[in-house]
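What you see below is based on every heavy atom in this structure, not just the backbone, and it leaves out hydrogens, waters and symmetry mates. None of the values given here were measured: they were computed from a predicted structure.
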Amino acid sequence: MATGVSILCYKSKTLANGAHPLMIRLCKDGKKKYVSLGVAVLPQFWDFEKNKPKRNCPNKIVIDKLIASKMAEYNALVVDMMAERKEYTPRSLAQAVEQKTQGRTVAEMYGRLFAEMKKMERLGNLAVYKYSFNSLMSYTRNKLDIPFREIDCVWLKRYEEWLHARGCKDTTISQLFRTLRSVFNKAIEQDVIKQDAYPFNRFKINKFDIHTEKRSISKEEVQRILALELSDSGFYMGLAKDLFLFSYFGAGINFSDIALLRFCNLKDGRVCYVRKKTGKSISFPLNDISAKIVEKYASPFGNDRDYIFPILDAAVHRTEQQKRDRIRKTLKKVNQELKTLGEMIGLEMPLTTYVARHTYATVLKRSGVSVALISESLGHSDLSTTQIYLDSFENSQIDAAMQHLL
């Protein structure tokens, strides 16, 4: 049975000023659903026979546009439902349009994503999306309440020029455009915008991609770090050295996951944990060096729920935000100490916790381990991410490989 979509001035309800609300009436299979347009009209300004505002109706042009827009939206959805042979009711039809209306503008879509990320405690992603939102708000002078269709190739090009004019590096610009593209993709998934309005098929953002400077050191340099005698140094310098080595010998485990490790993650001489960023389960064996590091920080009065390393305090850092803030603060301090350690062994590049992760991957690659296996051990979601970690082959390796061309 065909669906009836009509507009009416709802006389069954009268507001305090005597006006009646305008409603969309949906009819199908004997069922009806009324959806308010959010505006009301005094009866003397409405033509009840033709169901439209009279010529002398205040704001007639705005009301006509609103009615036409809503009617077109409902009729288009009905056509789509019928074409795809989907079952629906007047109520489900109204809910579908209402969900599409929410988050229709770019600003509203960002707001919805913020709420979802807060609910799921994805604070790292939330920070990235907020950075993108603030950049766009600055570019549009706080006028981001615009439909997605306004963001086309010309708009994106102007935004790119604006970012360059403010001295943004390509790595920053790449992140901003990738985040905006992700928001666009989510808007398409939620039927906020159609695929034909997607501008990133023509506006390519891979032009901002640059080769990340390699951040790995040699096995010999790791040995020099291991040999450092720091008994007369401060607590944080000793902690920095221990965390660097624990990461290197622990399959490149990153700082956030190290901070979240508890003694219950130790099982039969292995560390078993779920990587926070990707949700992948990871397990690696404790060698003698890692085991001694763990033993160094173990308390004789502790229990399995205690954190292994003195970064988080379960009694103090209760919420995800508190944990995140503490981890970032400690990471900054540890990296400062690692920079000093790097200078002590003659490194030209700054030593950081991430260097341990990169070094682990690079050493395995040079030892002949496959990229797929390295990717699995690092907990990456795809091989392209792992490739960024891997150091470039040295000329001697290339020269040796070329001997096998014939």
Side-chain contact, heavy-atom cut-off 4.5 Å: E160 with K207? yes
Going by atom types alone, do S182 and Y129 pair a side-chain donor with an acceptor below 3.5 Å? yes
May I ask you to test the L239-P310 pair for a side-chain heavy-atom distance under 4.5 Å? yes
Output for pair (I24 CD1, L37 CG), nearest 0.5 Å, gives 5.0 Å
Quick check: does any side chain N or O of D306 sit under 3.5 Å from a backbone N or O of N303, one acting as donor and the other as acceptor? yes
Just so I know, are the side chains of R149 and D196 near enough to count as touching, which here means a heavy-atom distance under 4.5 Å? yes
Minimum heavy-atom separation for S281 and V274, please, with both atom names. OG-CG2, 3.9 Å
Any sub-3.5 Å donor-acceptor pair from T179's side-chain atoms to Q175's backbone N or O? yes
Taking C-beta and beyond as the side chain, do L351 and I225 meet within less than 4.5 Å on heavy atoms? yes
Below 30° counts as parallel, above 60° as perpendicular, anything between as tilted: where do the rings of Y354 and H358 land? tilted
Check whether any side-chain N or O of K60 sits under 3.5 Å from a backbone N or O of K54 as a donor-acceptor pair, and report yes or no. no
Heavy-atom closest contact (I311 atom, H317 atom, distance): O-CE1, 4.1 Å
What is the distance from atom CD of E337 to atom OH of Y236, rounded to the nearest 0.5 Å? 9.5 Å
Under 4.5 Å between any side-chain heavy atoms of F246 and L286, yes or no? yes
On a heavy-atom basis, the closest approach of R270 and S283 is NE-OG, 2.8 Å
Within 45 degrees of the axis of the six-membered ring of F48 and under 6.0 Å from its centre: does K11 put its NZ or CZ there? yes
Roughly how far, to the nearest 0.5 Å, is OH of Y110 from CG of L113? 8.5 Å
Any donor-acceptor pair under 3.5 Å linking the side-chain atoms of T105 with those of D145? yes
Quick check for you: to the nearest 0.5 Å, what is the distance between N265 atom CG and Y307 atom OH? 10.5 Å
Flag yes if more than 12 heavy atoms outside R328 fall under 6.0 Å of its CZ atom; otherwise flag no. no
Give the minimum heavy-atom separation between R178 and R181, together with the two atoms involved. NH1-NH2, 3.2 Å
In the structure I gave you, are the side-chain heavy atoms of L176 and L180 within less than 4.5 Å of one another anywhere? no
After noting the C-alpha distance and the side-chain angles of K70 and E73, does the key distance pass the salt bridge (Lys or Arg N to Asp or Glu O under 4.0 Å) rule? CA-CA 5 Å; K70 275 295 180 182; E73 192 169 8; 3.8 Å; yes
Minimum-distance pair of heavy atoms, taken over all atoms of N51 and L8: OD1-CA, 4.0 Å
Just checking, any donor-acceptor pair under 3.5 angstrom between side chains of N185 and Y198? yes
Check against salt bridge (Lys or Arg N to Asp or Glu O under 4.0 Å), K267 and D304: CA-CA 11 Å; K267 300 175 183 177; D304 281 354; over 6 Å; no
Test: R25 cationic atom under 6.0 Å from Y34 six-membered ring centre, within 45° of axis: no
Nearest non-hydrogen partners of D257 and I253, listed with the distance: CB-CG1, 3.7 Å
To the nearest 0.5 Å, how far apart are NZ in K33 and CG in L93? 11.0 Å
Residue pair M71 / V5, side-chain heavy-atom distance below 4.5 Å: yes
In this structure, NZ of K143 is separated from CD of E150 (nearest 0.5 Å) by 11.5 Å
Take a 6.0 Å sphere around NZ of K339 and say whether it holds more than 12 heavy atoms from other residues, nucleotides or ligands. no
Test ring-ring contact (aromatic ring centres under 6.0 Å, His included) on F184 and F148 and set out the steps. CA-CA 8 Å; F184 237 102; F148 278 89; 5.0 Å; yes
Tell me, with the steps shown, if W155 and Y139 meet ring-ring contact (aromatic ring centres under 6.0 Å, His included). CA-CA 11 Å; W155 194 99; Y139 169 61; 5.2 Å; yes
Between K329 and K333, is there a side-chain heavy-atom distance shorter than 4.5 Å? no
